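By convention in this document, chain letters (A, B, ...) are assigned in the order of the sequence lines, proteins followed by strands, and residues within each chain are numbered from 1. Keep in mind the model is a prediction, meaning the values are calculated, not measured.
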Protein chains: 2
Amino acid sequence: MGRMERRPAGANLAGLRDHNAALVLSLLRARAEGGSRVQLAAQTGLTPQAVSKIVGRLLADGLVVEAGRGESTGGKPRTLLALRPEAGCAVGIELDRQRSTILLLDLAGTTLRRRSVDIGLASGEPERVVGALAKGVSQAVRAAPDGAKVLGVGVGCRGPLDYETGTLHRPAGLPAWDGFPLRGLLESLLDASLDVPNVLLDKDTNVAALAAPAAVSGSTAYLHLADGLGAGLLLNGAVYRGARTNAGEFGHQVLQPDGPRCTCGARGCLEALCMAALADDDPRTAARWLGIGAANLVRLLDIDRILLGGHQIFASPDVYLRAVADQIAEHLPEPEWQSVQVSLTPAGASAVAVGAAQLVIDSALGGI
Amino acid sequence: MGRMERRPAGANLAGLRDHNAALVLSLLRARAEGGSRVQLAAQTGLTPQAVSKIVGRLLADGLVVEAGRGESTGGKPRTLLALRPEAGCAVGIELDRQRSTILLLDLAGTTLRRRSVDIGLASGEPERVVGALAKGVSQAVRAAPDGAKVLGVGVGCRGPLDYETGTLHRPAGLPAWDGFPLRGLLESLLDASLDVPNVLLDKDTNVAALAAPAAVSGSTAYLHLADGLGAGLLLNGAVYRGARTNAGEFGHQVLQPDGPRCTCGARGCLEALCMAALADDDPRTAARWLGIGAANLVRLLDIDRILLGGHQIFASPDVYLRAVADQIAEHLPEPEWQSVQVSLTPAGASAVAVGAAQLVIDSALGGI
DNA sequence: TGCACTTTGCCAACAGTGTTGCTTAACTCG
DNA sequence: CGAGTTAAGCAACACTGTTGGCAAAGTGCA
């Protein structure tokens, strides 16, 4: 259960087995009604016998159970298989400046426990904050069902940060956190008390994009409008981070080179334009700008689905949904773009914490 | 040598072997001076013995040769391995409106033969045009070295098109080509006369991005400024196409919502702004706009390297190189962005044809 | 009711991958 | 010139998915 490798790696038999097991699991996760071995064979391209063996291992591990029979199609009816949600769970943390949310998610994506605490990046020394988080994780883990394996802890946080090293980079106004080994310390604290070897740190927008029914293929953009404006990109079904985990800086695209000055130093950034409109209590104008940026994004990356989140969105959701859909329809009138879906993130205000746990589950189960 | 699959597929032993062989080949292609088995083992994570076996198969296939010895590091000196460039070759076609370029490339990326012909999308019935292209391919293939395997034919063309089906979509002013089975017909024509099973059709900007020393990891954007403005994206070392091969519509990002009307219907598209400046014979202003768009792109996708191409660029290359670098430096002053490289495409005016052949080579060799 | 047919899933033997343990080859260094 | 070090190969091995054959459990028609 090592950390995700970026450089190309050779594959061996163990990797082959894990890959196929993860593939079968992801297919079973995608369809709630359950699937049979033959169906899985058709979808994976593997032989039915290979699927039987793989499923046999998953049954032995308790990750999957046989769940009744399907209808006959002229012969022996199919034995249905279903993911056992209580076989594993993961902890998700939304780490904010002043507050944090810690929750426990099972394999099916059901929230088993959820707590908010007055601990945040700005509430003290990094060592103490991480210690408090570790304590919160320990409490959350106690809510895990009997026999459930705790797969790890995911932390979603505002960037800039480095996914590879698990550290923040020059967070505004918080110099003590710059380069502080957030993931490393949390991992060692938990490893001492629990059996939680896997800790992942990622941008809030990246993990929030995962807090929606999994699209194995296709491309999704999660747009987050709160204190700032950022995006999380799921390209071909996987989080796209770039080499330095800096991808998704959606808010700082210049849309008006002679526009208002942004906190980043440039002029006429999308974020500056949206924030100026919100300061004037004009969400409609902010929504229009957001829509223009979204249309640019859809066109540049051939995006299939847009998810909206963040407290500014939730304050007047219909305004934003309408404006984004309108701008896409206006700027991309061709028929092939009509299928772009625009919706609110189904996890609502918990999107970051839910997605952080989901990131761990995806990673532990192989996450194709 | 099937077509690239988008949906997740199960892996078996044959796939495992091909994956590792392709990995070793790509590492050998990346370094011209050649590498040893031990180095390859360290880079791939495989055991030295596994690499020995893999290299043994590649030697037997003639794809790799032993090329002298390296310096000793205290013990037995390393046996250097090198790709055998003449083991295989691929045909690349740049298919334009009035003219086309057909060239033959070997595994090392050396152009063995290059011809331009007065055949293009606008020069007749699709059937006749494809027939003429097939004839040109046959002639090019005759220049292949003895024993060289012809891996396939790549075609680079202006979008919109569909990589999966190998057809154009509503090309402006060329209704006969809409949905015409370009790839399918070329494949069957060649299959009858030659042994060229693999034909690929992709956007000109996508393949042009491949016409540069391979960056196995990292992200590259190729910006093409000619009659229009588009981009080819290499994300994590692989071409990113999106679900409908529409990704890379870089030129139609709106940068001035009240700006000049673009051919696409919107106002203030980057392409419209650049073209207006060029119509005024003002490349400096066009270059400044291109730079702003490039900075947006770098920030959004965490791009490592920018390549510039297209005849407008080559008309005054220094102006564009300077302007793009300046805008990136201005909009992204933080130290982590200072390493972004900006350069002209090394393949110059042949970038599309070279890249089209490279796409085939990448695909046939596994292309990680 | 009985029998042919279809479909599902498993048992056993198999081919072929990377891994492990050990040996041989080739060079540096004292 | 011998000890130490690094590179590469040989043989046995564990384990993967594949292949061929077969039992189980349904449907459908005479």
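Considering only residues two or more places apart in sequence or on other chains, A:Ser36 meets the side chain to side chain contact (heavy atoms under 4.5 Å, CB included) condition with A:Val38, A:Gln39, A:Arg78. Residues that satisfy the salt bridge (charged side-chain N to carboxylate O under 4.0 Å, His left out) test with A:Arg84, not counting sequence neighbours, are A:Glu86. Applying the side-chain hydrogen bond (donor to acceptor under 3.5 Å, both in side chains) test to A:Thr111 and every residue at least two apart in sequence or in another chain returns nothing. Residues forming a side-chain hydrogen bond (donor to acceptor under 3.5 Å, both in side chains) with B:Thr245 (at least two apart in sequence, or on another chain): none. Residues passing the salt bridge (charged side-chain N to carboxylate O under 4.0 Å, His left out) test with B:Asp304, sequence neighbours excluded: A:Arg244. Under the side-chain hydrogen bond (donor to acceptor under 3.5 Å, both in side chains) criterion, A:Thr79 pairs with no residue, sequence neighbours left out.
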For nucleotides 26-30 of chain C, which of its nitrogen or oxygen atoms have a protein nitrogen or oxygen under 3.5 Å away, and what is each distance?
residue, atom, partner, partner atom, Å
C:dC27, OP1, B:Arg69, NH1, 3.3

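Remark: A:Thr47, A:Gln49, A:Ala50, A:Lys53, A:Ile54, A:Arg57 in residues 47-65 of chain A come within less than 4.0 Å of DNA chain D through at least one heavy atom.
We find the OG-OH distance between A:Ser219 and B:Tyr240 to be 2.5 Å, quoted to the nearest 0.5 Å.
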Please table the atom pairs, donor to acceptor, closer than 3.5 Å between any side-chain atom in residues 45-68 of chain A and protein atoms at least two apart or in another chain.
residue, atom, partner, partner atom, Å
A:Thr47, OG1, A:Ala50, N, 3.2
A:Glu66, OE2, A:Arg37, NH2, 2.8

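Taking side-chain N and O atoms only, B:Asn12 has no distance below 4.0 Å to OP1 or OP2 of D:dT16. Under 4.0 angstrom from either OP1 or OP2 of D:dG26 there lies no side-chain N or O belonging to A:Arg78. For D:dG17, one of the phosphate oxygens OP1 or OP2 lies less than 4.0 angstrom from a side-chain nitrogen or oxygen of A:Asn20.
If you check every strand for non-hydrogen atoms under 4.0 Å, B:Ala14 touches nothing.
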